[in-house]
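Heads up, the thing below is written out as structure tokens.
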Protein chains: 2
Amino acid sequence: MKISTKGRYGVRAMGELALYYGQGPLPLKEIAEKQGISEHYLEQLMGALRKAGLVKSVRGAQGGYILNRSPKNITVGDVIRVLEGPLTPVDCVSKDNAEACEKAGACMTRKIWEKMRDSMAEVVDNITLQDMVDDIT
Amino acid sequence: MKISTKGRYGVRAMGELALYYGQGPLPLKEIAEKQGISEHYLEQLMGALRKAGLVKSVRGAQGGYILNRSPKNITVGDVIRVLEGPLTPVDCVSKDNAEACEKAGACMTRKIWEKMRDSMAEVVDNITLQDMVDDIT
DNA sequence: ATCAAATCCGACTAAAATACTCGGGATAAA
DNA sequence: TTTATCCCGAGTATTTTAGTCGGATTTGAT
């Protein structure tokens with residue numbers, strides 16, 4: 001029941017970008033250094049975040065990454081879902097999962113996982129990158 | 001961010017024991033059949049639950065497993081913690097984790113994980129095996 | 001006493017996921 | 001033209017997951 005380094009590193013990197021928001025592109029190298037994360041590995045995560053539209057990149061010297069929206073308008077849930085996939089304790093109650101389990105009626109555990117899914121979502125969907133920044137400043 | 005089969009199978013098996021509560025020992029084989037779980041694998045999980053004091057076993061013919069407490073007094077959280085370990089999205093905010101991270105003050109993400117940990121616990125610690133039974137009967 | 005139904009236990013293993021590393025190509029500012 | 005940067009795909013070591021396997025032990029029933 002843990003989030004992997006993908007989600008953890010990703011949220012931390014997005015936090016750095018939020019701190020730097022409005023000051024131009026922040027290079028991967030700096031993010032990696034500040035957060036103590038492998039540069040090459042973080043690169044993969046940033047690629048995913050870029051494809052998902054959460055950040056944009058500027059190539060070439062003096063390049064780097066920039067949040068694609070204001071920190072107020074990006075939630076921790078947005079970031080985690082890109083890097084970790086759907087936020088659910090079990091696949092059979094994922095909102096991305098079209099087909100409901102046919103044994104849902106006889107299932108003693110379904111409601112547990114639904115509640116858990118909803119309560120996790122409630123947390124991460126209501127914390128923005130701006131909230132993270134405000135918390136330490 | 002998923003629970004593994006240990007947690008899922010374990011909760012389901014405990015649900016079967018709750019349904020059977022008061023009617024003597026229920027053999028592993030029957031639990032495994034009803035829930036479609038590998039018998040040998042479930043055996044390992046029941047061993048852990050027994051060591052944790054959640055179930056007791058009766059050996060020999062006509063033996064099986066019995067809940068060690070009333071279904072009202074066993075929560076889903078009890079079961080999950082035995083089989084999955086501490087319920088936390090990241091180790092550094094686990095309540096089992098004595099030493100707090102020295103960078104906690106400067107950490108933008110700590111509060112997120114704490115909230116998540118608490119909201120997950122709130123769900124599973126407030127659903128008993130009896131609730132599971134009542135839900136399908 | 002014997003048999004059969006059970007739990008108990010430790011060792012083993014295949015497959016998947018995780019957490020990276022590596023090398024080279026493309027782009028653009030100075 | 002050099003250098004800083006992003007971009008991309010492939011490879012890999014380690015850990016976790018999800019089991020399997022074989023046999024020992026216990027005990028109720030015949």
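Just so we're on the same page: letters track the sequence lines, and every chain starts at 1.
Between the P atom of D:dT5 and the CD1 atom of A:Ile31 lies a distance of 12 Å, rounded to the nearest Å. Following rounding to the nearest Å, B:Leu83 (CG) and D:dA18 (P) show an atom-to-atom distance of 12 Å. In this structure, A:Lys29 atom NZ and D:dT5 atom C1' are separated by 10 Å, rounded to whole Å. Atom CD in B:Glu43 sits roughly 14 Å away from atom P in D:dG22 (whole-Å rounding). Per the geometry, CE belonging to B:Met46 stands 19 Å off C1' belonging to C:dG10, to the nearest Å. Rounded to whole Å, the distance from CG on A:Leu45 to P on D:dC7 is 13 Å. As rounded to whole Å, 12 Å separates atom P of D:dT20 from atom CG of B:Leu42. As a whole-Å value, the separation of A:Leu28 CG from C:dA26 P is 20 Å.
OP1 or OP2 of C:dC8 has at least one side-chain nitrogen or oxygen of B:Tyr65 nearer than 4.0 Å. Using a 4.0 Å cut-off, some side-chain N or O of B:Arg50 falls inside it from OP1 or OP2 of C:dC9. At least one side-chain nitrogen or oxygen of A:Ser57 sits closer than 4.0 Å to the OP1 or OP2 atom of D:dC7. Listed pair B:Tyr9 / D:dG19 meets the phosphate criterion, a side-chain N or O lying under 4.0 Å from OP1 or OP2. Of the side-chain N and O atoms in B:Thr5, none sit less than 4.0 angstrom from OP1 or OP2 of D:dT17.
Ion pairing of B:Glu114 with B:Arg110 is present here, as a side-chain N (NZ or NE/NH1/NH2) and a carboxylate O approach within less than 4.0 Å. Ionic pairing of A:Arg69 and A:Asp78 is present here: one or more N-O contacts between side-chain nitrogen and carboxylate oxygen are shorter than 4.0 angstrom. Salt-bridge formation is detected for the pair B:Asp125/B:Arg81: a Lys NZ or Arg NE/NH1/NH2 atom is positioned less than 4.0 Å from an Asp or Glu carboxylate oxygen.
Comparing C:dC8, C:dA6, D:dT17 by their nearest atom to the side chain of B:Ser4 picks out D:dT17. Relative to the side chain of A:His40, the nucleotides D:dC6, C:dT21, C:dT18 differ in distance, and C:dT21 lies closest. When each of D:dC6, C:dC20, D:dG22 is scored by its nearest atom to the side-chain atoms of A:Ser38, the top-ranked nucleotide is C:dC20. When the nucleotides D:dG28, D:dC6, C:dT7 are ranked by their closest atom to the side chain of B:Pro27, C:dT7 comes out on top. Out of D:dG28, D:dC7, D:dG22, the shortest distance to the side chain of B:Ala61 is found at D:dG28.
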(request) Take B:Tyr65 and B:Val55 through the side-chain contact (heavy atoms from CB on, under 4.5 Å) test and state the conclusion after the steps. (result) CA-CA 7 Å; B:Tyr65 292 92; B:Val55 301; 4.0 Å; yes

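Of all the heavy atoms in A:Pro71 and A:Tyr21, the pair that sits closest is CD-CD2, 3.3 Å.
The 12-atom threshold is exceeded at NZ of A:Lys2, counting heavy atoms of other residues, nucleotides or ligands nearer than 6.0 Å.
Nucleotides of DNA chain D nearest to B:Glu39 and B:Glu84 differ in position, and the one nearer the 5' end is that of B:Glu84. Remark on DNA chain C: of its neighbouring residues A:Gly60 and A:Tyr41, the 5'-side contact belongs to A:Tyr41, judged by nearest-heavy-atom nucleotide. Checking A:Gly47 against A:Met1, the closest nucleotide of DNA chain D that is more toward the 5' end is the one next to A:Gly47.
Contact of A:Gln44 with C:dT21 (side chain to base): a donor-acceptor pair of N or O atoms is detected under 3.5 Å. Applying the 3.5 Å distance criterion, the base of C:dT7 shares a donor-acceptor pair with the side chain of B:Arg59.
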